[in-house]
Student: 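Before we start, here is the structure in question, set down as structure tokens.
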Number of protein chains: 2
Amino acid sequence: MPAPEDIPQIFQTTGRRLTSQRRLLLEVLTECHDHLDAETIYDLAKRRDPNISLATVYRTLKVLKAEGIVQERLLEPDGQKHHYEMAANAHYHFTCLECGQVIEFESALIEQACHELAERLKLDVAHARVNLDGHCADCTQLAPMSEDGP
Amino acid sequence: MPAPEDIPQIFQTTGRRLTSQRRLLLEVLTECHDHLDAETIYDLAKRRDPNISLATVYRTLKVLKAEGIVQERLLEPDGQKHHYEMAANAHYHFTCLECGQVIEFESALIEQACHELAERLKLDVAHARVNLDGHCADCTQLAPMSEDGP
DNA sequence: AATGCAATTGCAAATCATTTTCAATTAGGA
DNA sequence: TCCTAATTGAAAATGATTTGCAATTGCATT
């Protein structure tokens with residue numbers, strides 16, 4: 001979770017170049033506090049640089065991920081689409097199966113669960129991807145259950 | 001998490017047919033206590049029915065998932081491939097980033113975390129997809145850290 | 001046991017997200 | 001400014017999954 005000012009440093013150190021495209025994508029990711037998929041990031045970026053290509057978006061996301069600047073998530077229960085966001089403190093996601101809304105949350109209990117598992121099985125937990133699904137507060141009263149898709 | 005005997009019932013009730021292909025795929029999934037991806041399931045099934053098609057595997061997995069007979073998982077950190085297993089008690093997965101081994105585990109703390117969140121945010125948690133990554137006991141001594149892929 | 005029809009299948013083509021190839025461009029150190 | 005390796009855009013390629021369609025097949029009903 002590097003500070004914005006550190007990013008040029010990070011790039012320099014690894015022999016990577018801070019191109020206008022990469023700067024732009026960092027801007028987009030920083031401004032939007034959402035979990036965007038590559039296509040959406042591409043659309044947002046294209047507004048300011050109509051020449052940017054989707055391939056560059058994917059390539060840049062891969063680089064930013066490798067540098068630990070962004071994190072990649074698989075939010076949807078069966079989704080094939082990856083979502084990206086600036087790296088931040090450990091947090092997890094809840095997706096409402098009804099309205100699709102994604103709620104971010106932190107949880108000391110989940111961190112505790114990771115520690116407990118690490119001790120129990122003598123392994124090292126580097127990262128926890130926790131995605132809960134269900135019905136958000138708004139949708140709970142309307143739809144108590146649901147089993148399959150379209 | 002239906003018993004094997006209940007499956008014909010489930011199919012009948014929903015107007016679905018228990019074809020030889022579906023029976024075969026249920027066999028494969030039941031015998032193999034692993035988390036198989038569609039291609040692997042296809043390969044295993046083809047040994048006993050060389051005419052079965054990959055499309056049927058995907059279609060059947062979708063049906064079995066809709067009936068709650070199998071569960072679909074996204075095990076790999078950035079993977080695009082889905083994995084399937086017979087539905088069972090709530091459990092979670094740890095993937096070793098070094099050797100790729102998948103370890104199944106249960107965790108009361110994670111269940112507790114879900115309840116806590118549900119209360120805290122007044123929402124309803126239907127399902128928890130928890131995937132931890134890190135280094136398994138065997139790999140821990142060899143490789144303490146790792147940041148990016150190939 | 002034969003009948004009818006909707007559910008299901010295999011095949012091939014289509015789709016969707018992501019990656020790669022390659023020639024042209026460019027960042028940034030010498 | 002010059003050089004070179006890193007990066008880019010465009011298009012084609014890939015990999016996983018889905019779909020259209022004509023042929024097949026469960027299975028409820030005769």
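Per chain, numbering begins at 1; letters A, B, ... match sequence-line order.
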Student: Evaluate the side chain to side chain contact (heavy atoms under 4.5 Å, CB included) criterion for residues A:Leu44 and A:Cys32: first the C-alpha distance (whole Å), next the side-chain angles of each, then the deciding distance (0.1 Å), finally the verdict.
Tutor: CA-CA 10 Å; A:Leu44 291 172; A:Cys32 229; 4.2 Å; yes
Student: The criterion is side chain to side chain contact (heavy atoms under 4.5 Å, CB included); which residues satisfy it with B:Glu31, sequence neighbours excluded?
Tutor: B:Glu27, B:Arg48
Student: Could you tell me the separation between the CG atom of B:Leu74 and the P atom of C:dA17, rounded to a whole number of Å?
Tutor: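 After rounding, the gap between these two atoms is 15 Å.
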Student: Could you pick out which residue, A:Val63 or B:Glu39, lies toward the 5' side of DNA chain D when each is mapped onto its nearest nucleotide?
Tutor: A:Val63
Student: When the distance from CG of A:Leu26 to P of D:dT7 is rounded to whole Å, what number comes out?
Tutor: 13 Å
Student: So does A:Leu75 get a backbone contact from the side chain of A:Arg129, meaning a donor-acceptor N/O pair under 3.5 Å?
Tutor: no
Student: Is the closest basic N to carboxylate O distance between A:Lys81 and A:Glu76 below 4.0 Å?
Tutor: no
Student: When the distance from NZ of B:Lys46 to P of C:dC11 is rounded to whole Å, what number comes out?
Tutor: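 In whole Å, C:dC11 P and B:Lys46 NZ are 10 Å from each other.
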Student: Over how many whole Å does the gap from A:Arg22 atom CZ to D:dG9 atom C1' extend?
Tutor: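 Value for this atom pair: 14 Å.
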Student: Sugar-phosphate atoms are those with a prime plus P, OP1 and OP2; base atoms are the rest. Using that split, label each nucleotide of nucleotides 19-30 of chain D B, S or - for protein heavy atoms under 4.0 Å, 5' to 3'.
Tutor: BB----BBSS--
Student: For the atom pair CD1 (A:Ile110) and CG (A:Leu132), what is the distance rounded to the nearest 0.5 Å?
Tutor: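 If I round to the nearest 0.5 Å, the distance is 6.0 Å.
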Student: Angle class for the B:His91/B:His93 ring planes (parallel below 30°, perpendicular above 60°, tilted otherwise)?
Tutor: perpendicular
Student: How long is the line joining CG of A:Leu64 and C1' of D:dA6, in whole Å?
Tutor: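 These atoms are roughly 15 Å apart.
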Student: Ignoring hydrogens and angles, tell me if any N or O in the side chain of B:Asp34 forms a donor-acceptor pair with the backbone of B:Leu36 under 3.5 Å.
Tutor: no
Student: Could you tell me if B:Gln21 and B:Thr60 have a donor-acceptor pair between their side chains, going purely by distance under 3.5 Å?
Tutor: no
Student: Rounded to the nearest angstrom, tell me the gap between atom CG in B:Leu54 and atom C1' in D:dG15.
Tutor: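 In whole Å, D:dG15 C1' lies 11 Å from B:Leu54 CG.
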Student: Using a cut-off of 4.0 Å on non-hydrogen atoms, how would the nucleic acid contact of B:Asn51 be classed: base, sugar-phosphate, or nothing?
Tutor: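 Sugar-phosphate only.
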Student: When the distance from CG of A:Leu61 to P of D:dT8 is rounded to whole Å, what number comes out?
Tutor: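 After rounding, the gap between these two atoms is 11 Å.
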Student: In whole angstroms, how far is the P atom of C:dA27 from the CD atom of A:Gln21?
Tutor: 8 Å
Student: Picking from A:His83, A:Arg73, A:Glu104, A:His82, what satisfies side chain to side chain donor-acceptor pair (under 3.5 Å) with A:His35?
Tutor: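 With A:His35 as partner, A:His83, A:Arg73, A:Glu104, A:His82 yield a single side chain to side chain donor-acceptor pair (under 3.5 Å), made by A:Glu104.
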Student: Using the C1' atoms of the five pairs at each end, what is the angle between the end axes of the helix from C:dA1-D:dT30 to C:dA30-D:dT1, to 10°?
Tutor: 30°
